[in-house]
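Worksheet: the structure to be examined is printed underneath.
The basis for the numbers below is simple: all heavy atoms, side chains too, and nothing from hydrogens, waters or symmetry mates.
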Amino acid sequence: MRLEAESSPAAPARLILRIAIVVALSATCGCDDGGSGPSSQAGDPTPSSTTDPRDSAEAPRPDGWFVDAGGSSGVDFVLRTRLDDRPMLPEIVAGGGAAADFDGDGRLDLYLVQGTGEGGNRVYRNLGDFRFEDSTDAGEASDSGRFGMGAATGDFDGDGDPDLYVSNLGRDTLLRNDGGFRFVDVTDAAGLGDEGLSASATFFDADGDGDLDLFVTRYVDWSAEGELDCRQPSGKPDYCAPSQYDRPTSDLLYRNDGDGTFTDISIESGIAGSMGTGLGVSFLDADADGRMDLFVANDGMPDHLWLNRGDLRFEEVAVRTGCDRDISGAAKAGMGVAIEDVDDDGDWDMLVCNLGGETDSLHINEGGRFVDGTTRAGLGAATRRFTRFGLGLIDFDRDGWLDLFAANGRVGVGNRINDPSDPYAEPDLLLRGDRKGRYRQVEEPGVDLEIPRTSRGAVFADFDDDGGVDIVVIDREARARLLRNEVPDAGNWLILDVRDAGGSPAIGATVAVELDGRTIRRMVRTDGSYLTARDPRVHVGIGDLQRVPRVVVRWPDGAERVLEDERGGRILRLDHPESTS
């Protein structure tokens with residue numbers, strides 16, 4: 001997040017914070033699923049088609065791919081970030097949230113993380129048809145009195161429902177889901193609660209013991225007392241780049257002890273051995289050894305790839321494997337992360353979005369080493385114009401090929417001020433992918449994407465269960481946008497709801513969907529993007545096909561299930577062979 005403006009540190013002025021913020025800062029330093037398409041277990045005989053998915057090299061010109069349903073949705077959340085009368089670093093990078101079925105009714109609910117605004121974080125119950133109801137009052141979901149950054153979801157206690165980890169400036173919070181939208185703050189009892197400036201987090205099984213461990217990125221070693229005075233070329237105050245603080249920090253790894261508690265193993269695991277300015281994170285099996293590794297996007301520093309060597313030991317190998325920086329040798333300002341098999345070769349590739357003036361970085365996995373595929377994919381000129389945060393590789397038009405969405409907004413004014421009321425505002429970016437692995441800008445993405453805003457987190461989820469992945473974009477000092485997927489002439493689809501033995505989303509399970517002549521691979525995950533948690537279900541676009549020839553599901557413990565000739569246009573729940581739910 002290096003700033004576009006020229007900034008120079010000076011002696012910090014006396015801070016005048018709001019009373020509530022002073023207090024906060026001082027404390028720091030199988031059954032069926034519902035939906036519009038029928039959902040079922042495997043095995044429903046109907047005629048099939050062998051028509052290939054669409055192969056258009058040009059971006060379509062629809063009336064719009066997305067429409068903002070926020071005004072009528074019942075979601076009235078506005079992200080407030082101002083800590084002081086002058087810019088302070090956490091303000092410009094906040095804005096997270098999560099999608100999960102918190103109440104077990106089959107519909108994805110929404111959790112949005114507040115900065116300094118009244119009322120704290122909010123949880124919204126999904127009533128169906130893009131209508132939501134604020135259900136925050138039950139329990140301690142609001143995590144009020146803190147400056148919130150992001151959220152991660154995962155069933156850490158194995159009771160069958162998703163819990164929440166909220167990253168904050170100051171003490172992070174673990175919220176146990178006790179059902180009925182009642183969340184209980186169990187941070188202290190669980191042995192968590194880091195007091196730094198945390199960013200993205202992910203629940204994943206680091207040691208293969210069947211429960212979810214926790215990784216948390218930390219941005220910089222920041223305090224209100226040590227804030228710098230940085231300026232635009234005009235002399236007006238602006239946000240400082242992390243490099244000007246010269247205070248990178250290490251990330252955190254917590255082992256799940258299986259009894260409701262965690263142990264900080266950052267030092268013994270090796271994670272604390274490398275410093276960085278972490279903002280985005282995703283897990284993956286980078287070297288195909290069956291263990292979950294971690295990729296961390298650092299802001300203005302080389303990115304990290306942590307290879308899991310077993311026994312909860314990690315080795316940082318980004319330089320050696322070619323994914324620490326781009327092909328020019330420059331370390332970029334990494335924010336959001338997306339992990340997918342973009343070239344259908346069976347291994348996991350990585351996309352990192354960066355600052356305006358820098359391109360995205362597409363790291364193509366070639367047997368555990370990475371090559372820069374950014375230019376070849378057409379992501380050079382298309383992404384360079386914006387500062388990107390929330391990021392997703394999603395098949396929005398359901399043609400079988402991944403598209404790209406980025407939520408944009410500058411972090412420094414520089415010499416470009418398009419809107420004096422919000423000098424950091426930029427339009428979002430939507431690119432359509434084709435079968436050749438190239439991305440082209442969608443010329444008419446929808447008016448709600450073309451209006452400049454200062455956008456941060458992007459939550460990807462099919463909230464209305466119609467097969468189209470929707471987006472919630474968290475904008476600074478503005479109402480959250482609920483972008484409903486209305487892609488014209490979209491293809492057919494299949495959603496795979498893969499569960500573990502306890503009935504929770506099977507984090508780390510892989511799905512291989514075999515179509516005519518190719519195999520689409522996905523992993524069950526909730527992490528990625530920026531400060532957010534996504535729909536845990538696997539969404540696959542199948543174009544003009546009516547049936548899917550073959551689906552292979554592999555759970556992290558080695559269990560496998562093979563389905564053949566499955567009908568599309570539905571949500572298919574796949575329980576673990578030893579399921580107790």
Is the closest side-chain heavy-atom distance between [X] and [Y] below 4.5 Å?
| X | Y | result |
| --- | --- | --- |
| Phe147 | Val113 | no |
| Tyr254 | Asp194 | yes |
| Pro577 | Trp555 | yes |
| Asp185 | Leu175 | yes |
| Arg537 | Asp465 | yes |
| Val538 | Ile495 | no |
| Leu404 | Leu391 | yes |
| Asp464 | Asp129 | no |

Please round to the nearest 0.5 Å and tell me the distance separating atom [atom1] of [X] and atom [atom2] of [Y].
| X | Y | atom1 | atom2 | value |
| --- | --- | --- | --- | --- |
| Ser529 | Phe405 | OG | CZ | 8.5 Å |
| Arg534 | Thr526 | CZ | OG1 | 9.0 Å |
| Leu572 | Leu563 | CG | CG | 6.0 Å |
| Asp264 | Leu253 | CG | CG | 8.0 Å |

With Arg456 as the cation and Phe389 as the aromatic partner, state whether NZ or CZ is under 6.0 Å from the six-membered ring centre and within 45° of the axis.
yes
[X] and [Y]: side chain donor to acceptor below 3.5 Å:
| X | Y | value |
| --- | --- | --- |
| Thr263 | Asp257 | yes |
| Thr454 | Asp422 | yes |
| Ser455 | Asp475 | yes |
| Tyr165 | Asp172 | yes |
| Asp76 | Tyr124 | yes |
| Asp251 | Thr217 | no |
| Glu477 | Thr81 | yes |
| Arg218 | Ser167 | no |
| Asp557 | His576 | yes |

SB check [X] [Y] (cutoff 4.0 Å):
| X | Y | answer |
| --- | --- | --- |
| Asp395 | Arg398 | no |
| Asp134 | Arg122 | yes |
| Arg255 | Asp211 | no |

Are Phe183 and Phe102 an aromatic pair, judged by ring center distance below 6.0 Å?
yes
Checking Tyr111 against Asn121 for the side-chain hydrogen bond (donor to acceptor under 3.5 Å, both in side chains) test, could you report, in this order, the C-alpha distance in whole Å, the side-chain angles of both residues, the deciding distance, and whether it holds?
CA-CA 7 Å; Tyr111 186 83; Asn121 307 338; 3.0 Å; yes
When you measure from the side chain of Arg525 to the backbone N and O of Phe283, does any donor-acceptor pair fall under 3.5 Å?
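Side chain of Arg525 to backbone of Phe283: a pair is present.
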Distance-only, no hydrogens or angles: does the Asp535 side chain make a donor-acceptor pair with backbone N or O of Phe460 under 3.5 Å?
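It does not hold such a pair.
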If the condition is ring pair (Phe, Tyr, Trp, His ring centres under 6.0 Å), which residues does Phe463 pass it with, not counting sequence neighbours?
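Partners of Phe463 under the ring pair (Phe, Tyr, Trp, His ring centres under 6.0 Å) test: Phe132.
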Pick out which of Leu79, Val123, Thr136, Val472 makes a side chain to side chain contact (heavy atoms under 4.5 Å, CB included) with Leu112.
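Running side chain to side chain contact (heavy atoms under 4.5 Å, CB included) over Leu79, Val123, Thr136, Val472 with Leu112 returns exactly one hit, Val472.
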If the test is side chain to side chain contact (heavy atoms under 4.5 Å, CB included), which one of Leu214, Leu164, Val186 qualifies with Phe156?
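For Phe156, the side chain to side chain contact (heavy atoms under 4.5 Å, CB included) check succeeds only for Val186.
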Not counting sequence neighbours, which residues clear side chain to side chain donor-acceptor pair (under 3.5 Å) with Asp188? List them please.
none
